[in-house]
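Side chains are part of it too, since the values below use all heavy atoms of this structure and drop only hydrogens, waters and symmetry mates. Atoms within a ligand are numbered from 1 in the order they appear, just like the ligands themselves.
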Amino acid sequence: MHTRQPAKPPPEISVPDWYRSGIDHVWLPYTQMQTTPPPLPVARTSGSRIFLADGRVLIDGIASWWTACHGYNHPHIRQAVNKQLEQMPHIMFGGLAHAPALSLAARLAKLLPGDLDRVFFSDSGSVAVEIAMKMALQYRANRGETQRTRFIALRGGYHGDTAGAMAVSDPDMGMHRPGSGLAPAQIVIEPPLDERALARFDDAIERHAASATAIIAEPLVQGAGGMIFHTPDVLRCLRAAADRHGLLLILDEIFTGFGRTGTLFAAAAAGVVADIVTLSKALTGGTLALAATVARRHVYEAFLAEDAARALMHGPTFMANPLACAAANASLDLFERAPHLEEVAAIGEILSRGLAPCRNLPGVRDVRVMGAIGVVEMARIADLEGLRRRFVEKGVFVRPFGNVIYLTPAFTIAVQDLETLTRAVVEVVREG
Ligand SMILES: *Cc1c(COP(=O)(O)O)cnc(C)c1O
């Protein structure tokens, strides 16, 4: 069979030696390697700018999958990581404790609502979700409720790429994927978006509650599932249903956490306190891999006993990595010092104004904005790669997926840059 090697850049584009010698040895994320256009060679980043090795400069509309909320290379985070690097880049977390992790845990406990105050660190969002699921399972086992082993998740949700996380993601993107057989199928139901859906939601919960330990959901925004927005009422329905049936509520704030939707945590907009919360993505301001699973006191206390078998048996090798924790502490400093939530509100206004012209363009199904998230939902996008290429030609990095074009810029982005991004979206959509 004929196979081509499309990951090679066209000969007219000058690429550095590292690119030429390495490109045929990496396997790219979510990518059909046979047909993908070559990835762009990046030399460096700064603020909301991506500097390509061939001299082109792109304005970044995505902030590296929503992580770089203060922009790239923020001097305060860089300094904190440099300092930590000289003192202690890593130390195992078993039997040893260190200042960056303990300070961070205390700060997260203070920032999160209610008694969400026990932090379990890990190194990626998917793993934080696995840990949340493991906590919810063993919580039941420790209480002798051995029948309650399933999870109730929402259609349109996305919780990561590992086995358990896939099983609670939308089946269209999760359970039907190869590898989904790794974990048992879970219960995925329609979110209670309106009165009719609410009745069906309550029915489904009623039916499954006795065999389930927890409801898991993304608060306010289902991100990778299509940038679907929910009202705070949906969140309150989830909390009420969980309370009615003695279910735990796991809120996955990996996308929404740290200001993206307009409040520091999305659940705050609804006044809802989850039993377990997962955090990652913007936790370190987009500099290092770190995640956290945070439990309320009643969850934590279910693991306390003389019996060692009731302990939570989990411990990633790089758990609470000091460099990553130092970066996260520095990021939290910036949330204390800079008016990020006001910046998010201002970004929201510019996104609304800038993307509004898309409303009347053919093929556009919806335009919506929440916090620093701007979404143009198309009826369909036939040529995703073509669209991505046209954005690069306009000097911006925007990466549509499924049928959505979205902007999730750094909170520190300059107004002109943000307007360049929205203008590029309008032009690309107009060009069809
Ligand atoms: C990105 C994401 C994850 C997975 O995080 P990784 O660090 O990629 O494993 C889980 N849940 C949500 C809501 C996410 O946006």
- More than 12 non-hydrogen atoms from neighbouring residues, nucleotides or ligands closer than 6.0 Å to CD on Glu336, yes or no? yes
Could you list the donor-acceptor pairs under 3.5 angstrom formed between side-chain atoms of residues 78-88 and any protein atom two or more places apart in sequence or on another chain?
from  : atom 1 : to    : atom 2 : distance (Å)
Arg78 : NH1    : Asn73 : O      : 3.0
Asn82 : ND2    : Arg78 : O      : 3.4
Gln84 : NE2    : Met88 : O      : 2.9

- Which protein residues have a heavy atom closer than 4.0 Å to any atom of ligand 1, listed by chain and number? Trp66, Ser124, Gly125, Ser126, Tyr158, His159, Gly160, Glu218, Asp252, Ile254, Phe255, Lys281
- Task: Could you label the plane-to-plane angle of the His314 and Phe120 rings as parallel, tilted or perpendicular, counting under 30° as parallel and over 60° as perpendicular?
- Result: perpendicular
- Task: Assess whether atom CD of Glu385 is packed by more than 12 heavy atoms of other residues, nucleotides or ligands within 6.0 Å.
- Result: yes
- Message: Test side-chain hydrogen bond (donor to acceptor under 3.5 Å, both in side chains) on Arg143 and Tyr139; report intermediate values, then the result.
- Response: CA-CA 6 Å; Arg143 291 156 47 108; Tyr139 169 85; 3.0 Å; yes
- Task: Hey, can you tell me if Phe93 and His98 have their rings parallel, tilted or perpendicular (30° and 60° cut-offs)?
- Result: perpendicular
